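Heads up: the structure comes next, in structure tokens.
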There are 2 protein chains.
Amino acid sequence: MPRAGLSPDGVVDAAINLVDTDGAAALTLSAVAGSAGVATPSLYKHVRSLAELRQLVTLRVLDELADRVSEAAMGRSGDDAVRAVMRAYRSYVVDHPGRYAAMEQTPATEPPLAAAADRLLGAVLAVLRGYDLDGPALIHAARCLRSAVHGFAVLEASGGFGLPEPLEESYELLIGMVISGLR
Amino acid sequence: MPRAGLSPDGVVDAAINLVDTDGAAALTLSAVAGSAGVATPSLYKHVRSLAELRQLVTLRVLDELADRVSEAAMGRSGDDAVRAVMRAYRSYVVDHPGRYAAMEQTPATEPPLAAAADRLLGAVLAVLRGYDLDGPALIHAARCLRSAVHGFAVLEASGGFGLPEPLEESYELLIGMVISGLR
DNA sequence: CCAAAAAGCTAATCGAATTAGCCAAAGCCG
DNA sequence: CGGCTTTGGCTAATTCGATTAGCTTTTTGG
């Protein structure tokens with residue numbers, strides 16, 4: 001019988017599909033193995049552990065997110081850029097809630113993740129350079145932007161917003177808050 | 001030999017201690033049983049499952065948080081009240097990062113949790129009544145406040161903020177954003 | 001064509017959750 | 001007090017997921 005032809009990336013692909021369809025809690029090695037058509041221990045030829053797989057998934061998500069956000073910022077500046085970045089961020093979460101939720105199971109302190117997070121942070125910082133903020137003020141502003149966006153994303157992805165009012169409007173208000181606080 | 005004298009509340013107490021000292025990931029039935037001086041299956045006389053224990057922990061945390069926030073709001077109004085509420089919320093997270101992190105492992109959709117979350121939301125809404133917002137606008141404002149505060153809390157509790165700039169200053173900026181966006 | 005590396009597999013271990021069924025301690029009532 | 005019932009704890013046993021060990025076969029390079 002021929003081989004399954006897996007690879008580390010292939011395993012991550014399967015894991016991503018899994019969290020997309022069944023949610024972040026469904027990310028287990030046996031489920032990944034099953035969906036890849038392979039016995040569980042075989043996965044260890046490609047990833048060291050479940051913890052590492054989680055990290056790889058987080059890495060992938062962080063990269064996808066950074067791409068979207070960077071692209072949104074391109075060619076824009078000032079308030080307009082901030083708006084575009086924040087909308088792009090949320091659109092990713094709306095499109096892939098499971099992936100976003102999967103990130104939260106990973107300790108953010110691992111070096112490889114820190115690097116990817118920096119890429120994302122870089123895109124945000126670039127957008128904030130349009131405002132005349134000195135070094136520390138830039139950091140504070142970036143943290144606030146991140147908090148707002150991440151907080152909304154987490155709550156939305158986990159179904160934390162109950163009421164029927166449209167979330168788009170709430171988010172536009174949040175964007176307004178960030179922008180008005182940046183002046 | 002005398003009994004251990006456990007109770008549902010006692011089990012939750014032990015669980016809270018555990019997440020306080022060892023982090024949210026350490027919340028397992030065997031660890032709780034161990035720290036309560038009891039065999040694991042004995043816990044089932046007090047809680048139905050690990051999932052239920054998690055819910056009870058979340059419930060406890062939500063209540064503590066709502067208390068702090070409500071108390072902070074008491075006797076204040078307007079911007080002053082918003083500031084106090086936001087600071088009180090963060091102070092809880094700073095005091096008990098493990099407890100806050102433990103909440104995120106629980107699906108927020110369970111009815112008993114929704115009730116407690118409503119209490120917390122109520123405290124927030126009360127503070128926002130000082131601004132003249134109609135019904136939907138009030139909801140949107142509450143969601144934004146919640147997103148900002150929760151986003152910052154999650155990032156801080158999980159060590160997501162790397163740089164050395166003091167977090168207090170970042171948080172004060174966030175408070176300013178929310179307040180300026182509320183006008 | 002052959003040897004070494006790579007990718008699968010099965011068998012086995014470990015730890016955590018959960019269930020079943022037994023037994024003693026506490027509380028209650030006469 | 002004596003007994004009954006409820007309650008809380010225990011041990012044994014099952015299940016499932018992660019992980020390790022060791023074997024086998026495919027691929028690949030020379």
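It should be emphasised that the depicted structure is a prediction, and the values quoted were computed from it without experimental measurement. In what follows, chains carry the letters A, B, and so on, assigned in the order in which the sequence lines appear, proteins first and then strands, with residues in each chain numbered from 1.
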task = Scan residues 10-31 of chain A against DNA chain D and write down, sorted by residue number, each residue with any heavy atom closer than 4.0 Å; if none is found, say none.
result = Thr28(A), Leu29(A), Ser30(A)
inquiry  = Under the rule for side chain to side chain contact (heavy atoms under 4.5 Å, CB included), what residues qualify as partners of Asp67(A), not counting sequence neighbours?
reply    = Arg119(A)
request  = Examine dT7(D): is either OP1 or OP2 under 4.0 Å from a nitrogen or oxygen in the side chain of His46(B)? Give yes or no.
outcome  = no
Reported CG-to-SG distance for the pair Leu182(B) and Cys144(B), which is rounded to 0.5 angstrom = 8.5 Å
message = For His96(B), give me all partners under ring-ring contact (aromatic ring centres under 6.0 Å, His included), at least two apart in sequence or on another chain.
response = Tyr92(B)
message = I'd like to know if Arg87(A) and Glu172(A) make a salt bridge, using a cut-off of under 4.0 Å between side-chain N and carboxylate O.
response = yes
remark   = On a heavy-atom basis, the closest approach of Leu120(B) and Ala66(B) is CD1-CA, 3.8 Å
inquiry  = In whole Å, I'd like the distance from the CG atom of Leu6(A) to the C1' atom of dT27(D).
reply    = 16 Å
request  = Check each residue of residues 32-45 of chain A for a non-hydrogen atom within less than 4.0 Å of any atom in DNA chain C, then write out the ones that pass by number, or none.
outcome  = Val38(A), Ala39(A), Pro41(A), Ser42(A), Lys45(A)
inquiry  = Ignoring hydrogens, what is the shortest heavy-atom contact between Ser147(A) and Ala148(B)? Give both atom names and the distance.
reply    = CB-O, 4.1 Å
note = Residues passing the side chain to side chain contact (heavy atoms under 4.5 Å, CB included) test with Asp95(A), sequence neighbours excluded, are Arg68(A)
task = Could you list all the ring pair (Phe, Tyr, Trp, His ring centres under 6.0 Å) pairs where at least one residue sits in residues 13-66 of chain B, not counting sequence neighbours?
result = none
ask   = Got a sec, which pairs hit salt bridge (Lys or Arg N to Asp or Glu O under 4.0 Å) with one end in residues 24-46 of chain B, sequence neighbours left out?
value = none
task = Any ring pair (Phe, Tyr, Trp, His ring centres under 6.0 Å) involving residues 148-183 of chain A? Give me the pairs, sequence neighbours left out, ordered by first then second residue.
result = Tyr100(A)-His150(A), Phe152(A)-Phe161(A), Phe152(A)-Tyr171(A)
Hey, can you pull the donor-acceptor pairs under 3.5 Å for the side chains in residues 127-135 of chain A, sequence neighbours left out?
from	atom 1	to	atom 2	distance (Å)
Tyr131(A)	OH	Asp79(A)	N	3.1
Tyr131(A)	OH	Asp79(A)	OD1	2.6
Asp134(A)	OD1	Ala137(A)	N	3.2

request  = Specify the separation, in whole Å, of atom CZ of Arg48(B) and atom P of dT19(C).
outcome  = 11 Å
What does the list of N/O pairs under 3.5 Å between the protein and nucleotides 4-6 of chain C look like, with a distance for each?
from	atom 1	to	atom 2	distance (Å)
dA6(C)	N3	Arg3(A)	NH2	3.1

task = Could you note down all residue pairs passing salt bridge (Lys or Arg N to Asp or Glu O under 4.0 Å) where residues 138-158 of chain A supplies at least one of them, sequence neighbours left out?
result = Arg90(A)-Glu156(A)
message = Let's test your reading of the pairing rules: Watson-Crick or G-U wobble, both distances under 3.5 Å, then write DNA chain D as a dot-bracket string with ( ), [ ], | and dots.
response = ||||||||||||||||||||||||||||||
inquiry  = Can you confirm whether the side chains of Ser180(B) and Ser180(A) place a donor and an acceptor under 3.5 Å from each other?
reply    = yes
